[in-house]
There are 2 protein chains.
Amino acid sequence: MIRLVIVDDHPIVRGGLRDTFAGSDDIVVVGEAADGAEGISRATLLSADVVLMDLRMPGMDGVAATAALREHSPSARVLILTTFDSESDVLPAIEAGAIGYLLKDALPDELMRAVRAAARGESVLAPSVTQQLLGQIRKPGPGALTDREREVLQLVANGSSNREVASALFIGEASIKTHLQHIYDKFGVRDRASAVAEGYRRRLLT
Amino acid sequence: MIRLVIVDDHPIVRGGLRDTFAGSDDIVVVGEAADGAEGISRATLLSADVVLMDLRMPGMDGVAATAALREHSPSARVLILTTFDSESDVLPAIEAGAIGYLLKDALPDELMRAVRAAARGESVLAPSVTQQLLGQIRKPGPGALTDREREVLQLVANGSSNREVASALFIGEASIKTHLQHIYDKFGVRDRASAVAEGYRRRLLT
DNA sequence: GAATACATCCACCGAATGGTGGAGCCCTGA
DNA sequence: TCAGGGCTCCACCATTCGGTGGATGTATTC
């Protein structure tokens, strides 16, 4: 019997998941939680085999909760279940120790198969997520910003001029211009405004 | 008996909702749909009293579907149920003819009360949504962009220079500069890049 | 050890942008 | 009818930005 804990802040989603697994004879929902911190304690106390974790939650989010859970209960497999499939969400989740990544438009059937696979220690990724990962690994160059570039872009989005970004990062203004040029090249844009826009579209900025 | 149709692209959410109303003796879920267009036909065919509508869906989105449904089946009350409570979502939905606006973190109990209220023709808004609406009505000035300004900002976010925005809108470059100045004033920023950023943060841009 | 990616820096130039202080027209609501 | 808001336009000027084509040092990888 696979012991499953559901962590999601929406009661309706929790209800739908509970319902989905109610018809299964090898999976039992032993607990639910509405945020990351609660999810960790539930999963630990109830010795969950698999944790279905939402990414966007108030308080501790899914990535942080996944990382913490990997420490507390290494035996619990974390399966991310989220609405968002954008590139910036997937990698941090996987890095934090999630074994799978599903989207909320998954059918109940897929969901059950994924939970069983996760319980066996196998990795399950939603097709669109897999594509993204492959795309990122195959060519880590085009499109992906370096940490420094992201940092610069975030400051630009916050209204800093090149000079202000430079002094904020303790480097020269010329370097900022270079970083921005690289960002423009990667994004295929020609100015900072659309670079910021692209940054938001790719969920790199907050 | 209140005839309810659920329109949401996530099977899990639909399941949760179905489950929620299964325990009710005065509400019956007569149909489900995964996108706006399907939702309209289902609601019309099944003569729904209330339609629970998600906003973000592939294909026809919730706002468009609500507007269309108000024409096809004026007797059906549309209740918006969404994850997002940001300012730009609420008003268009209400303007399109929705009678209520709930968030997905609503408890099953609130949900049922809301559906009953909607069936009676009463308006139900989630508390945080109400606050926003009041805030918007009380001072429509500070912070809210005019249609033209939004249009300009979107083009800027897409990489257009002032001149390009001007020719795209068939007006002079000077007007674009004026619009941008107004946007900067409203947003409290000093350049187009952070104006775009703020536009994304306020969910005014796509 | 060589190649690569990354971060840092330089100079020069034209073009775009932002700041300021106007102005007129149209529509809506008081 | 008048006030206010929204949209359009103008001129001038300093600043900033983007484009180009480099350069160096370091860490990592092959």
Side-chain angles (χ1 to χ4, degrees), chain A residues 91 95 135-199 204-205, chain B residues 88 91 95 135-199 202 204-205:
Chain A
L91 270 189
E95 278 165 10
Q136 288 205 329
I137 292 167
R138 218 180 20 203
K139 1 180 215 171
L145 298 188
T146 67
D147 289 346
R148 201 52 156 174
E149 286 161 355
R150 234 190 317 275
E151 208 171 356
V152 169
L153 188 58
Q154 180 69 62
L155 288 167
V156 167
N158 292 344
S160 300
S161 68
N162 289 347
R163 185 173 307 173
E164 288 164 343
V165 175
S167 67
L169 299 182
F170 305 107
I171 59 178
E173 203 177 332
S175 307
I176 304 302
K177 296 184 69 173
T178 306
H179 287 311
L180 280 175
Q181 285 299 334
H182 292 163
I183 295 172
Y184 299 160
D185 290 344
K186 289 177 178 176
F187 280 2
V189 300
R190 295 192 331 277
D191 60 68
R192 51 178 51 215
S194 47
V196 166
E198 191 59 28
L204 302 172
L205 297 177
Chain B
S88 61
L91 270 189
E95 277 165 9
Q136 288 205 328
I137 291 167
R138 220 179 19 204
K139 6 179 209 167
L145 298 188
T146 67
D147 289 344
R148 202 53 158 173
E149 286 160 355
R150 234 189 319 275
E151 208 170 354
V152 169
L153 188 58
Q154 180 69 62
L155 288 166
V156 167
N158 291 343
S160 300
S161 68
N162 289 346
R163 186 173 305 173
E164 287 165 343
V165 175
S167 67
L169 299 181
F170 304 106
I171 59 178
E173 205 177 329
S175 306
I176 303 302
K177 295 183 71 171
T178 305
H179 286 312
L180 280 174
Q181 284 299 334
H182 292 162
I183 295 172
Y184 299 159
D185 290 345
K186 289 177 178 177
F187 280 2
V189 300
R190 294 190 335 276
D191 60 69
R192 53 180 47 214
S194 48
V196 166
E198 190 60 27
R202 300 190 186 196
L204 302 172
L205 297 177

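In what follows, every chain begins at residue 1, and chains take the letters A, B, ... in the order their sequences are listed.
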Starting from [atom2] on [N], measure out to [atom1] on [X] and report it in whole angstrom.
X	N	atom1	atom2	value
B:D147	D:dC7	CG	P	7 Å
A:I171	C:dA7	CD1	P	9 Å
B:D185	D:dG6	CG	C1'	15 Å
B:I183	C:dT17	CD1	C1'	14 Å
A:Y184	D:dG18	OH	P	3 Å
A:H182	D:dT20	NE2	P	13 Å
A:L180	C:dC9	CG	P	14 Å
A:E173	D:dT16	CD	C1'	9 Å

Q) Checking all strands, does A:T146 fall into the base, sugar-phosphate, or nothing category for heavy-atom contacts under 4.0 angstrom? A)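 Sugar-phosphate only.
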Q) For A:H179, which contact category applies under a 4.0 Å heavy-atom criterion: base, sugar-phosphate, or nothing? A)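 The residue A:H179 makes base contact.
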Q: Working to the nearest 0.5 Å, report the span between CD of B:E164 and CG of B:L169.
A: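 That separation rounds to 12.0 Å.
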Q: Nearest 0.5 Å please: distance from the CD atom of B:Q181 over to the CZ atom of B:R190.
A: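 B:Q181 CD to B:R190 CZ: 12.0 Å, rounded to 0.5 Å.
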Q: Name every residue in residues 148-170 of chain B that has at least one heavy atom under 4.0 Å from any atom of DNA chain D, in order of residue number, or write none if there are no such residues.
A: B:R148
**Q.** Any residue of residues 190-198 of chain A with a heavy atom less than 4.0 Å from an atom of DNA chain D
**A.** A:R190, A:D191, A:R192
Taking only distance into account, with no hydrogens and no angle test, what donor-acceptor pairs under 3.5 Å do side-chain atoms of residues 144-155 of chain A form with protein atoms, sequence neighbours excluded?
unit_1	atom_1	unit_2	atom_2	d
A:T146	OG1	A:E149	N	3.2
A:T146	OG1	A:E149	OE1	3.3
A:D147	OD1	A:R150	NH2	2.8
A:R148	NH1	A:E151	OE1	3.0
A:E149	OE1	A:T146	N	2.9
A:E149	OE1	A:K186	NZ	2.7
A:E149	OE2	A:K186	NZ	3.4
A:Q154	OE1	A:T206	N	3.3
A:Q154	NE2	A:N158	OD1	3.3
A:Q154	NE2	A:T206	O	3.2

Q) Among all residues two or more places apart in sequence or in another chain, which pass the salt bridge (charged side-chain N to carboxylate O under 4.0 Å, His left out) test with B:D185? A) none
Q. For the helix from C:dG1-D:dC30 to C:dA30-D:dT1, how many degrees between its two end axes (five pairs per end), to the nearest 10°?
A.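 Rounded value for the end-axis angle: 60°.
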Q: Report yes or no: does B:N162 contribute a side-chain atom to a donor-acceptor pair with the main-chain N or O of B:V165 at less than 3.5 Å?
A: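 Not confirmed, B:N162 side chain does not pair with B:V165 backbone.
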Q: Measure from the side-chain N and O atoms of B:S194 to the backbone N and O of B:A197, and report whether any donor-acceptor pair falls under 3.5 Å.
A: no
Grab the two heavy atoms, one from [X] and one from [Y], that are nearest each other, plus how far apart they are.
X	Y	value
B:L204	B:F187	CD1-CZ, 3.9 Å
A:A157	A:L205	CB-CD1, 4.0 Å
B:I183	B:A195	CG2-CB, 4.2 Å
B:A193	A:V196	O-CG1, 3.7 Å

(Q) Counting primed atoms plus P, OP1 and OP2 as sugar-phosphate and everything else as base, spell out the protein contacts along nucleotides 20-30 of chain C at 4.0 Å heavy-atom distance: B, S or - for each nucleotide, 5' to 3'. (A) B----------
Q) Can a side chain N or O of B:S175 be found less than 4.0 Å away from OP1 or OP2 on D:dC9? A)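 Yes, because at least one side-chain N or O of B:S175 sits under 4.0 Å from OP1 or OP2 of D:dC9.
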